[in-house]
Amino acid sequence: MRLLTWIVQLAFGCHHRRLSGVFTIKKRTYQVCLTCGQEFPYSWELMHPVRSSIAGDAQHSHTGHAEVSVA
């Protein structure tokens, strides 16, 4: 069922081509798709949106920006 949902989203869903600027609110840094409203975690260190698993593992520094550790 997930494969079918993924195929339908790929064909007819939003492709998130229009992203907002970067927001940091309450120690969370993200961008928003201007078409559908979906939020994407953003890394200041990498300077691009990151997968949620990376953002969830990131620790926040005193500046409120996520620090991504590379092992």
Side-chain angles (χ1 to χ4, degrees):
M1 187 68 176
R2 271 193 168 174
L3 179 61
L4 179 61
T5 303
W6 181 81
I7 291 171
V8 170
Q9 284 294 326
L10 181 64
F12 303 108
C14 183
H15 294 277
H16 315 300
R17 291 190 177 125
R18 296 181 50 218
L19 294 177
S20 70
V22 179
F23 296 97
T24 301
I25 300 173
K26 295 185 180 180
K27 297 183 180 181
R28 206 180 105 197
T29 304
Y30 61 96
Q31 286 181 300
V32 177
C33 176
L34 297 174
T35 305
C36 71
Q38 184 173 350
E39 297 177 358
F40 299 95
Y42 186 89
S43 168
W44 279 114
E45 287 77 21
L46 300 175
M47 298 300 289
H48 61 79
V50 293
R51 292 179 292 138
S52 2
S53 62
I54 293 173
D57 294 340
Q59 297 175 350
H60 295 285
S61 68
H62 65 280
T63 60
H65 299 132
E67 293 181 8
V68 177
S69 59
V70 178

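Owing to the predicted nature of the structure, the values given are computational and were not obtained by experimental measurement.
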Subject >> ILVMFWY cluster membership beyond V32 - transitive side-chain contacts under 4.5 angstrom >> reply: F23, I25, Y30
**OP:** Check the pair V22, W44 against side chain to side chain contact (heavy atoms under 4.5 Å, CB included), reporting the backbone distance first and the verdict last.
**Re:** CA-CA 9 Å; V22 179; W44 279 114; 3.6 Å; yes
Original post:
By side-chain hydrogen bond (donor to acceptor under 3.5 Å, both in side chains), which residues pair with H48, not counting sequence neighbours?
Top reply: none
Original post:
Ignoring hydrogens and geometry, is there a side-chain-to-backbone donor-acceptor pair from Q38 to C33 under 3.5 Å?
Top reply: no
Subject >> L19-M47 co-clustered via ILVMFWY side chain contacts under 4.5 Å >> reply: no
**OP:** Determine the minimum heavy-atom distance between Y42 and P49, stating which atoms define it.
**Re:** CD1-N, 3.6 Å
**OP:** Using side chain to side chain contact (heavy atoms under 4.5 Å, CB included) as the criterion, list what pairs up with L3, not counting sequence neighbours.
**Re:** W6, I7
Subject >> OG1-CD distance between T29 and E45, expressed to the nearest 0.5 angstrom >> reply: 8.5 Å
Original post:
Could you give the distance from SG (C36) to NE2 (H16), rounded to the nearest 0.5 Å?
Top reply: 4.5 Å
